[in-house]
Structures are given as C-alpha cells and as structure tokens.
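Reckoned from all heavy atoms, side chains included, excluding hydrogens, waters and symmetry mates.
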Amino acid sequence: MYRRKPAWERSTWRIAIFALLVALALIGLFARLIQVQLIQGDAFRAAAQENQIRLIPVAAPRGSIVDRNGNLIVRSRPSFVVAVIPSELTDLTSELKSVSQAIAVPVEKLRYQLFNHHGVSYKTFDELDADEPYGPVIIASDLSVQQVVKLTELLVDLPGFDVEAQAVRDYPYGPQGSAFVGYVGQISQDEYKALRNLGYTPNDVVGKDGLEYTYDRYLRGEPGGQRVVVDAQSQVVPGIKLPAKQPVAGDTLVLNIDWRLQRIVERALANGIHSWGGGRSGIGGAVVIEDPWSGAIRAIASYPSFDPNAFASDDSKKIAHYLTAVPPALFNRAIGAGTPTGSTFKMVTGSAALTTGVVKVNEVVYDSGAWNCGGAIFRDLAAGGLGPTGFVRALAASSDGYFFQMGWRLGNARLRKYALLFGLGAKAGIDLPGEFEGNWPTNASMLKSSGLPLEPSDVCSLAIGQGAMQATPLQMADVESAVVNGGTLYHPRVVAEIRDPHGHVVKRFDPQIIRHVPVTQDALKAVRQGMDEVTDPGGTAYGLAIPGLPFGGKTGTAETAGGSGPNTTWFVAYAPAKHATIAMAVFVDRSGGYGAQVAAPIARAIMVQYFHKKP
C-alpha cells in the first residue's frame with residue numbers, strides 16, 4: 001500500500017538549493033563589502049565628500065595679446081571686488097549698510113548690483129538665494145587700498161561678504177587696436193545656455209567682439225575658486241577651511257600686427273578725417289594693411305573707434321555713447337563696410353582685359369572721355385579724355401573713358417568671373433567676426449533689389465567700380481596683394497600663433513592660399529607699372545610722391561545716392577614699389593571730394609612715418 005511522504009521529506013532537495021543560493025548571496029555581499037570598504041574605500045569616501053563640497057568659482061586671468069614683436073597690447077590686471085555668498089547672509093539690510101559705510105558706496109547701488117546682474121533681475125532675496133546660493137555676486141569692484149583695509153576689518157562679522165582679487169581685462173592703449181581686439185563683457189543668459197556644456201559659469205566674463213570673441217576658448221583659461229562644505233540643506237558649513245583650487249591663466253595670442261605701424265595708422269586716419277572734415281562729424285573710415293606675400297594683417301583700424309576698457313569696467317555712460325554714436329563706433333568698417341570702390345577696381349578690370357586679350361598693353365585706344373555702352377552714354381569727369389592712349393597711361397591717369405571700353409569689350413559675364421576670382425562677393429576668411437562678403441550684381445539680385453534687370457550697359461559702370469558692386473577695405477587690400485605678389489589670393493589672418501602660459505606653442509597659423517587667380521604675369525606687370533606711375537605728372541596722385549620711397553597706388557572715388565550724395569573716397573597703395581612689404585587700402589565713407597584729396601594723403605602720411613621718410 002502506497003504511503004504519502006511528509007512535505008518536509010519531499011522538499012529536501014529544494015531546501016538544499018535554497019540554502020545554496022542564500023550562501024552564494026551572502027558570499028557576494030561579503031565580497032562587495034570587502035571591495036567597498038577595503039579596496040575602493042578611499043575612492044568612495046572621496047566621492048561622498050565631493051557630494052558635500054561646492055566650488056565658489058573665481059575666473060582665471062585671461063591670456064595676454066601681444067604683437068609680432070612681443071609688445072603687450074592687452075593684459076589682465078588685478079582688481080579688488082566685494083563678493084557676496086547669498087546663502088551665508090543673515091541680515092541683508094544691516095550687512096549691506098555696514099559694507100556701504102566701509103567703502104563709501106551708497107546702499108542703493110550695492111542693493112541694485114546684488115539684485116540685478118548677469119542680465120537677470122531678482123524681485124526678492126529668496127529668489128536670488130534659490131538661484132545663486134553660492135554666488136559669488138560682485139556688488140562693487142575696483143576698490144582702492146583704503147576701501148579694502150576698512151572693509152577687511154569688518155569681515156569677521158560679515159560671513160556672507162568677502163574681498164577678492166579678481167583679474168580685470170585691461171587695454172593699456174585705450175581705443176587703439178579696438179578694431180581687431182574687440183571687447184569683453186559679462187556672459188548673458190543666452191550665451192551661458194549655449195556655452196555651459198563647455199565649462200562656462202554664470203559669472204564668466206566672455207569675449208563679445210574681435211579677437212576676444214574669436215579666441216575666447218583659448219584666452220579664458222581654467223577657472224579656480226574656493227571650496228566650501230555644505231550640509232544636507234545645501235547650506236555652507238562655517239569653520240571648515242578647504243584648499244582653494246588655483247585658476248590657470250589663459251593662453252597668449254601672438255599677432256601678425258606690427259604695433260608701431262598700427263599706432264601710426266590710427267593717428268593718420270583720425271588726423272586725415274579731422275583735417276578734411278574740418279571737425280564735421282558723421283565721417284567714418286578704415287585702413288587695412290597686410291603683408292602681400294602671406295596675407296598677414298599688419299594693421300587694421302576703423303574710425304570712429306571705441307575704448308574697450310569701458311566694457312571691461314561696465315562704464316554705462318561710455319557704453320551708451322558708443323551704442324548711439326553717429327557714425328557707429330562699434331562697427332568695424334575695415335571688414336564690414338561694403339561700398340562701390342571707385343577706380344581702385346580698375347586693378348581687376350585691367351588684369352582681366354589684358355589676360356583675355358581684349359586689349360594689348362601697347363595697343364592705342366582712343367579715349368574721348370565718353371563711351372556709348374549699348375545705347376547708354378557714359379562720361380568721364382575729365383572732359384575730352386586722354387585722346388590716343390595705352391594701358392599704362394590710362395591706368396595711372398584713371399581714365400574712365402578707356403575703362404568704359406574695357407568693360408564693354410569684356411562684357412558682364414567675363415568681368416563678373418574675374419571679380420569673383422579676385423575675391424569679391426565672398427568672405428576672405430579673416431579671423432574676426434563681422435566680415436561682410438560684399439556683392440557683385442547678377443540679374444536675379446538686380447531684379448530683387450531694384451526691380452530692373454542687369455543690362456549690358458551696366459558693365460561700363462561696374463568696370464570703374466561704380467554701380468551695384470560692393471567691396472570692403474579688406475577685400476581691396478587682398479586684391480592689391482594679389483596684384484603685387486603675382487596672383488596669389490591669401491586668407492588674411494590677424495593671429496600668428498597661440499602660446500600657453502609657459503610659452504609653449506599651442507597652435508601656429510601658417511599662410512593659407514585661397515586660390516591662384518588665373519591672370520597672366522604680363523597683365524599684372526602692366527597693372528603694377530600703371531600704379532607705379534600714379535604720382536608722376538598726369539597721374540591721379542601727382543604731388544603726393546615721397547622722396548626716397550617709390551610706391552604704387554590707385555585712387556578711387558565712388559558716388560553715393562546716385563551721384564547726389566557725398567562721394568566715398570579710396571586709395572590703395574603698396575610700398576616700396578619694387579619689393580613691396582606692405583599693401584594697404586584706405587577708405588573714407590561719404591567724405592566728399594576725391595580719392596586723391598582725402599584717402600591718398602592718409603596713405604602717404606602712413607608710409608612717410610612707417611618708412612622713416614621726410615614729409
């Protein structure tokens with residue numbers, strides 16, 4: 001007869017398996033405890049401690065900017081500031097009053113800075129404390145030694161306040177160099193959102209324009225700060241001192257700029273505009289000088305300029321003035337002002353005409369001072385023209401009648417081809433923000449802008465740098481450099497190399513070629529010969545020769561408002577004529593007069609001083 005086994009007897013094997021699993025779990029747990037406590041104990045303890053530590057950031061000193069010879073252009077200087085840690089404040093009203101009395105700054109101003117910074121305005125202290133508990137919020141800066149001494153004596157009773165030495169951007173030469181240096185300012189909310197993944201903090205000062213903007217990630221360095229311990233409620237635990245994290249200074253920019261030449265350019269541009277305008281406001285201008293053999297920028301200036309120190313120190317009055325100035329002070333005309341170039345464009349028209357064979361160098365062309373361009377009569381300012389003339393004489397004298405014919409012989413398509421090959425209508429790629437690509441008109445663009453098609457006759461205006469074409473001073477300096485060096489178009493560059501705080505080269509920028517412009521060497525030689533004769537009798541810059549310094553040049557005068565506005569004046573020049581080391585473009589916007597009267601004297605003054613010649 002079958003006997004049913006008791007439940008405990010039937011499940012022995014199950015009990016054995018369960019016991020084995022429990023044993024394995026205990027062994028695993030024990031092994032994990034050994035790993036956590038003995039093997040990785042230090043690492044876990046450090047991680048736990050890090051969860052209790054917060055860093056009150058201190059910005060690193062931004063890297064310096066020096067010229068090609070090592071002359072210091074931009075630096076960071078120490079500045080004493082009053083910093084607030086909101087989570088450590090106990091009695092805001094009385095504490096602000098104590099600080100106000102110590103440093104002789106109105107309480108209202110300190111309170112305003114506390115509640116309004118980084119582009120954010122807080123309505124209550126609780127909002128501020130919740131959003132920025134560890135700050136630091138800077139409520140006063142550039143304290144004198146006396147202010148620091150008085151406030152330091154009170155800090156024992158003001159746990160939420162501190163006096164810190166922070167690096168402030170300093171531009172020793174003020175407005176000089178502002179066209180390429182740019183300026184810095186407090187990071188905005190939008191900038192912080194875009195950059196926080198790269199390690200930026202809400203308290204950072206960042207580049208806003210110029211080299212400060214382009215190379216901000218190199219210049220900014222690595223922030224440091226004071227480590228503090230916080231409790232479970234994220235409140236700072238008093239009395240615990242942790243070693244500070246030392247900031248690492250930013251990299252140094254070594255420029256292609258020649259600071260001596262830059263200062264000469266700034267003075268000559270300002271003096272030339274003042275002299276011509278007779279104190280009349282509203283005239284702007286620019287100068288670009290580059291090495292024609294590499295594209296290295298030796299000087300770049302825009303007038304009127306601005307003092308970057310105003311932005312570094314948050315001088316609201318000066319900033320407001322710059323933002324509302326007429327003409328605009330913050331507009332970099334050297335790379336952003338696109339206008340018709342006047343007869344300086346004849347460098348392109350002449351190169352194209354000779355290369356394509358529509359004219360020979362020694363071919364005699366009759367210049368009557370006018371030309372019938374497909375039914376439209378175009379006239380030269382010089383009544384009667386030159387009569388029978390060759391290419392070199394026509395370029396030196398800037399004969400519109402001759403170049404009307406060259407434009408007509410080339411036609412719109414071929415003239416456009418060579419204009420684009422010389423870099424017009426495209427950004428040159430300079431390492432500065434705000435470059436304008438210029439414009440070369442097409443049928444579509446003309447229909448869009450004026451409702452009229454591009455006519456065959458338009459080529460006659462375009463051939464002499466008038467009409468709907470636009471180029472910047474930088475582009476014309478590039479064109480001139482290509483004429484000088486045999487047809488190579490380079491990317492212009494301001495920065496030569498980047499060095500770390502120890503002087504080691506982080507990055508070097510070698511010359512970069514955009515293209516070799518397909519023009520013949522004979523064509524370029526003839527263009528240079530015509531430019532070399534610009535100061536000879538009959539040349540448009542006659543009377544501006546510099547004894548002991550032959551140079552090549554080309555004047556330009558561009559109409560504005562269809563001829564009813566003041567002319568914009570141009571002059572391009574290279575020197576010395578036979579072995580040029582600089583190529584420059586001078587531009588004066590709506591100055592009135594002619595290129596030989598306004599822009600050319602500025603270029604001459606620059607060359608006289610730079611090459612140590614007598615005026």
Q) Out of curiosity, F571 CZ to T540 OG1, how far, rounded to the nearest 0.5 Å? A) 7.0 Å

Q) How about M446 and L452: do any of their side-chain heavy atoms sit closer than 4.5 Å? A) no

Q) With side chains defined as the heavy atoms from C-beta onward, is the minimum distance between I335 and Q475 less than 4.5 Å? A) no

Q: Starting from the C-alpha separation in whole Å, work towards a yes-or-no answer on ring pair (Phe, Tyr, Trp, His ring centres under 6.0 Å) for W371 and F378.
A: CA-CA 5 Å; W371 184 253; F378 287 78; over 10 Å; no

Q) So which of L462, N412, D458 actually passes side-chain contact (heavy atoms from CB on, under 4.5 Å) with P441? A) L462

Q: Run through L219, I73, L253 and flag the one making a side-chain contact (heavy atoms from CB on, under 4.5 Å) with L211.
A: L253

Q) Hey, is the main chain of L421 close enough, under 3.5 Å, to the side chain of R515 for a donor-acceptor pair? A) yes

Q. Of Q262, R263, E266, which is the lone residue that meets side chain to side chain donor-acceptor pair (under 3.5 Å) with Q176?
A. R263

**Q.** Note: R333-D589 ion pair, threshold 4.0 Å (strictly below)
**A.** no

Q: Determine yes or no for a side-chain-to-main-chain donor-acceptor pair under 3.5 angstrom, with E480 supplying the side chain and A573 the backbone.
A: yes

Q: Would you please say whether a donor-acceptor pair under 3.5 Å links the side chains of D431 and Y215?
A: yes

(Q) Return the CD1 to OH distance between I187 and Y192, rounded to the nearest 0.5 Å. (A) 8.0 Å

Q.
Between K208 and E191 (salt bridge meaning N to carboxylate O under 4.0 Å), is one present in this structure?
A. yes

Q. Which side-chain hydrogen bond (donor to acceptor under 3.5 Å, both in side chains) pairs, counting each pair once, include a residue from residues 397-410, with sequence neighbours left out?
A. S343-S398, K346-S398, K346-D400, E363-R409, D367-S399, S398-K554

Q: Using a 4.5 Å cut-off on heavy atoms from C-beta on, say whether the side chain of E435 contacts that of T472.
A: no

Q: Verify side-chain contact (heavy atoms from CB on, under 4.5 Å) between I430 and H491, making sure each step is shown before the conclusion.
A: CA-CA 6 Å; I430 192 171; H491 282 292; over 6 Å; no

Q.
Using the ring centroid of each side chain, check whether W259 and Y173 are separated by less than 6.0 Å.
A. yes

(Q) Counting C-beta onward and ignoring hydrogens, is there a side-chain heavy-atom pair between V484 and W293 closer than 4.5 Å? (A) yes

**Q.** Verdict with supporting geometry, V572 and V479, side-chain contact (heavy atoms from CB on, under 4.5 Å)
**A.** CA-CA 10 Å; V572 295; V479 170; over 6 Å; no

Q: Keeping the roles fixed (side chain from R414, backbone from L410), state whether a donor-acceptor pair exists under 3.5 Å.
A: yes

Q | Test item: D532 side-chain N/O and F551 main-chain N/O as donor-acceptor pair under 3.5 Å | A | no

(Q) A side-chain contact here means heavy atoms from C-beta on lying under 4.5 Å apart; do I283 and P327 qualify? (A) no

Q: Could you go through the ring pair (Phe, Tyr, Trp, His ring centres under 6.0 Å) check for W440 and F345 one step at a time?
A: CA-CA 12 Å; W440 191 266; F345 184 75; 5.2 Å; yes

Q | Matching residue for S591 among T568, T569, T557 - test: side chain to side chain donor-acceptor pair (under 3.5 Å) | A | T569

Q: Please report the closest heavy-atom contact between A545 and P547, naming both atoms and the distance.
A: O-CD, 3.8 Å

(Q) How close do A299 and L261 get, counting heavy atoms only, and between which atoms? (A) CB-CG, 4.0 Å

Q: To the nearest 0.5 angstrom, please state how far the CG atom of N271 sits from the OH atom of Y303.
A: 9.5 Å

**Q.** Min side-chain heavy-atom separation L330-D209 under 4.5 Å
**A.** no

Q) Would you call Y171 and V184 a side-chain contact if the rule is heavy atoms closer than 4.5 Å? A) yes

Q | NZ/K613: more than 12 non-hydrogen atoms of other groups inside 6.0 Å | A | yes

Q. Would you find a donor on one side and an acceptor on the other, under 3.5 Å apart, between the side chain of W570 and the backbone of P340?
A. yes

Q. Got more than 12 heavy atoms from elsewhere within 6.0 Å of CZ, F331?
A. yes

Q.
Run the side-chain contact (heavy atoms from CB on, under 4.5 Å) test on V361 and D522 for me, step by step, so that the C-alpha distance in whole Å, both residues' side-chain angles and the decisive distance to 0.1 Å come before the verdict.
A. CA-CA 9 Å; V361 174; D522 286 343; 5.8 Å; no

Q. Distance from L524 atom CG to S351 atom OG, nearest 0.5 Å?
A. 5.0 Å

Q.
V287 and side-chain contact (heavy atoms from CB on, under 4.5 Å): which single residue from V265, V588, I264 fits?
A. V265

(Q) side-chain contact (heavy atoms from CB on, under 4.5 Å) for I606 and I289? Distances and angles first, verdict last. (A) CA-CA 10 Å; I606 292 169; I289 301 181; 4.0 Å; yes

Q | A329 versus F306, closest heavy-atom pair with distance | A | O-CD2, 3.5 Å

Q) Sub-3.5 Å donor-acceptor pair from the side chain of T560 to the main-chain atoms of P566, do we have one? A) yes

Q. Between the main-chain N or O of M469 and the side-chain N or O of N439, is there a donor-acceptor pair closer than 3.5 Å?
A. no

Q.
Give me the atom names and distance for the closest heavy-atom approach of L544 to A600.
A. CD1-CB, 3.5 Å

(Q) Taking CZ in F509 as the centre, count heavy atoms belonging to other residues, nucleotides or ligands within less than 6.0 Å. Is the count above 12? (A) yes

Q.
Quick check: closest heavy atoms across L420 and G425, and the distance to 0.1 Å?
A. CD2-CA, 4.4 Å

Q.
Could you check whether Q470 and T339, counting side-chain N and O atoms only, form a donor-acceptor pair closer than 3.5 Å?
A. no

Q: Compute both the distance and the angle, then confirm whether R220 meets the cation-pi test with Y200: under 6.0 Å from the six-membered ring centre, within 45 degrees of the axis.
A: yes

**Q.** Main-chain N/O of P292 paired to Y574 side chain as donor or acceptor, under 3.5 Å
**A.** no

Q. Going from CZ on F587 to OG1 on T344, what distance comes out if it is rounded to the nearest 0.5 angstrom?
A. 11.0 Å

Q. Above 12 or not: heavy atoms from other molecules or residues under 6.0 Å from CZ of R260?
A. yes

Q.
Between N256 and R493 (side chain of the first, backbone of the second, donor and acceptor by atom type, cut-off under 3.5 Å), is there such a pair?
A. yes

(Q) Within the structure provided, determine whether M531 and M347 are in side-chain contact (heavy-atom separation under 4.5 Å). (A) yes

Q: May I ask you to decide if E559's main-chain N or O and Q466's side chain share a donor-acceptor pair within less than 3.5 Å?
A: yes

Q: Measure the CE-CE distance between M476 and M584 for me, rounded to the nearest 0.5 Å.
A: 14.5 Å

Q: Please name the pair of heavy atoms, one in E212 and one in Y183, separated by the smallest distance, quoted to 0.1 Å.
A: CB-O, 3.7 Å

